Amino acid sequence: MNTATLTAPPPAASAAPDLAALKTRQQGAWSSGDYAIVGATLQIVGEDLCEALDLRSGQKVLDVAAGNGNVTLAAARRWCDVVSTDYVPALLERGKARAQAEGWRIEFKEADAESLPFADGSFDAVVSTFGVMFTPNQDKAAAELLRVCRPGGKIGLANWTPEGFIGQVFKAIGKQMPPPAGVKSPALWGAQPRINEMFGPRAASVDLRKREFMFRYRSPGHWMEVFKTYYGPLLKTFAALPAAKQDELHSDLMNLIVRLNRAKDGTMVVPSEYAEIVITKR
């Protein structure tokens with residue numbers, strides 16, 4: 001994400017960021033590459049989240065910023081009635097193909113996480129894995145999750161933490177291309193204080209548990225190749241940087257992987273901490 005050039009006098013420098021413009025850029029980033037390649041490797045997170053929510057057959061479940069449908073499929077496998085939403089149509093198509101391959105009847109709908117096209121209290125459970133955390137207007141997105149969840153229903157989230165591997169990847173990207181002033185880091189969705197701030201006033205309970213996802217790739221270089229090719233935000237960042245800065249980012253990321261890599265056989269096994277969150281709405 002590019003930093004806006006501040007050419008206005010001092011009062012304008014503290015103006016609120018243009019979140020609509022940022023959303024447009026983000027949508028373009030997530031539409032590039034092919035996130036489904038990366039997303040499919042995260043399936044276990046969706047399965048674990050459904051277990052944490054204790055989903056029951058027949059419950060109405062909304063997957064927000066669903067990508068190619070990890071939690072969507074996990075909830076369908078528990079015989080829930082699922083609606084899968086994202087603002088990238090191509091990702092919904094990939095989720096639809098997965099559902100059809102397994103024989104599940106799931107509704108797929110294009111939707112913005114900050115303005116969900118559903119009535120108040122429509123769902124027993126509202127879920128998102130590494131999706132809604134990227135919304136530019138975090139408070140608005142959180143309010144929408146709460147709005148469409150029924151009283152007594154649950155909101156289940158899996159969000160990367162600031163301290164974990166992907167949180168450190170975000171920092172490496174931000175070092176080269178800082179976000180616009182005033183924009184909150186997506187990784188805040190993985191921190192208890194921010195979750196309490198957004199959801200606590202309307203929650204009967206907020207349970208945040210730290211977990212680890214293992215990135216398993218053929219080698220550190222293989223991870224870099226896959227993410228530079230298919231993970232839109234990293235693809236776009238490299239494309240926007242001059243050669244010297246590309247080399248610097250590449251070096252920072254490879255050093256990070258080498259430092260965290262548990263594998264000693266040339267492959268890559270890197271733990272990435274995330275927050276598994278279950279919120280019960282009052």
Side-chain angles (χ1 to χ4, degrees), residues 1-3 22 25-46 48 65 67-68 70 88 90-91 94 129-131 133-134 136 158-180 183-191 210-276:
M1 290 177 284
N2 292 314
T3 303
L22 177 58
R25 292 198 296 273
Q26 286 185 340
Q27 188 172 15
W30 290 112
S31 298
S32 65
D34 186 355
Y35 176 73
I37 298 295
V38 174
T41 68
L42 303 170
Q43 181 63 45
I44 192 172
V45 176
D48 286 341
N68 61 317
N70 286 339
V88 179
L91 288 176
R94 296 297 290 274
T129 55
F130 314 125
M133 65 180 291
F134 292 100
N159 301 324
W160 302 117
T161 65
E163 302 81 13
F165 170 59
I166 294 298
Q168 296 300 310
V169 170
F170 294 161
K171 290 179 182 178
I173 292 173
K175 175 184 171 184
Q176 302 299 335
M177 298 189 71
V183 173
K184 294 181 173 67
S185 168
L188 290 175
W189 282 78
K210 298 289 183 67
R211 302 197 62 161
E212 283 187 345
F213 171 80
M214 305 302 294
F215 280 93
R216 299 177 183 271
Y217 282 76
R218 296 189 181 111
S219 66
H222 178 229
W223 180 93
M224 184 68 70
E225 177 188 353
V226 169
F227 269 68
K228 284 176 66 174
T229 305
Y230 300 114
Y231 189 69
L234 200 57
L235 183 160
K236 287 288 190 180
T237 299
F238 272 100
L241 292 174
K245 292 295 185 181
Q246 289 184 28
D247 291 343
E248 187 176 333
L249 177 57
H250 185 278
S251 178
D252 287 347
L253 292 176
M254 290 296 286
N255 288 338
L256 175 65
I257 293 170
V258 169
R259 178 164 58 84
L260 298 176
N261 194 8
R262 293 181 179 176
K264 307 301 180 185
D265 58 0
T267 66
M268 172 178 160
V269 181
V270 168
S272 187
E273 184 183 73
Y274 72 94
E276 180 184 82

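Atom set for the values below is all heavy atoms of this structure, side chains included, hydrogens, waters and symmetry mates excluded. What you are looking at is a predicted structure, and each value in this text was computed from that prediction instead of being measured.
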**Request:** Decide yes or no for K245 and M177: does some side-chain heavy atom of the first lie under 4.5 Å from some side-chain heavy atom of the second?
**Result:** no
**Asked** Of all heavy-atom pairs between M214 and V269, which one has the smallest distance, and what is that distance?
**Response** CE-CG1, 3.3 Å
**Item:** Beyond-backbone contact of S272 with W160, side-chain heavy atoms, under 4.5 angstrom
**Value:** yes
**Spacing of D48 atom CG and R211 atom CZ [to the nearest 0.5 Å]** = 4.0 Å
**Prompt:** Nearest 0.5 Å, what's the CD-OG1 distance between Q168 and T161?
**Reply:** 8.5 Å
**Request:** Side-chain contact test, heavy atoms from C-beta onward, threshold under 4.5 Å: evaluate it for H222 versus M268 and give yes or no.
**Result:** no
**Prompt:** Just by distance, do the side chain of N70 and the backbone of G39 share a donor-acceptor pair under 3.5 Å?
**Reply:** yes
**Complete:** G232 and S32 have their tightest heavy-atom pair at CA-OG, 3.4 Å
**Asked** At what distance, to the nearest 0.5 angstrom, does CD of Q176 lie from NE2 of H250?
**Response** 13.0 Å
**For G28 against K236, the heavy-atom pair lying closest together** = O-CE, 3.9 Å
**N261 (side chain) donor-acceptor with T267 (main chain) under 3.5 angstrom** = yes
**Asked** Is there a donor-acceptor contact under 3.5 Å from the side chain of S251 to the main chain of D247?
**Response** no
**Asked** Quick one: are V226 and W223 in side-chain contact, heavy atoms under 4.5 Å?
**Response** no
**Request:** Determine, step by step, whether F227 and F238 satisfy the ring-ring contact (aromatic ring centres under 6.0 Å, His included) criterion, reporting the C-alpha distance in whole Å, the side-chain angles of both residues, the deciding distance to 0.1 Å, and the verdict.
**Result:** CA-CA 11 Å; F227 269 68; F238 272 100; over 10 Å; no
**Message:** Is there a side chain to side chain contact (heavy atoms under 4.5 Å, CB included) between Q246 and L249? Walk through the geometry before answering.
**Reply:** CA-CA 5 Å; Q246 289 184 28; L249 177 57; 5.9 Å; no
**Nearest heavy-atom neighbours spanning P220 and G266** = CD-O, 3.9 Å
**Message:** Quick check: do P271 and F165 have side-chain heavy atoms less than 4.5 Å from each other?
**Reply:** no
**Prompt:** Are the side chains of T41 and Y217 in touch, meaning some heavy atoms are under 4.5 Å apart?
**Reply:** yes
**Message:** Quick check for you: to the nearest 0.5 Å, what is the distance between D34 atom CG and L91 atom CG?
**Reply:** 7.5 Å
**Request:** Could you tell me how the ring of F213 sits relative to the ring of F215: parallel (under 30°), tilted (30 to 60°) or perpendicular (over 60°)?
**Result:** perpendicular
**Any R94 side-chain heavy atom under 4.5 Å of I37 side chain** = yes
**Asked** Within a strict 4.5 Å, meaning less than it, do heavy atoms of the L241 and E248 side chains meet?
**Response** no
**Message:** Y230: which residues meet the ring-ring contact (aromatic ring centres under 6.0 Å, His included) condition with it, sequence neighbours left out?
**Reply:** none
**Request:** Check whether any side-chain N or O of T129 sits under 3.5 Å from a backbone N or O of G46 as a donor-acceptor pair, and report yes or no.
**Result:** no
**Prompt:** Looking only at heavy atoms, what is the nearest atom pair of G190 and A275, with distance?
**Reply:** O-CB, 3.8 Å
**Message:** So, taking the atom named CG in L260 and the one named CG in N255, what distance separates them when rounded to the nearest 0.5 Å?
**Reply:** 11.0 Å
**Asked** Could you give the distance from OH (Y231) to OG1 (T237), rounded to the nearest 0.5 Å?
**Response** 9.5 Å
**Message:** So does M133 get a backbone contact from the side chain of N159, meaning a donor-acceptor N/O pair under 3.5 Å?
**Reply:** no
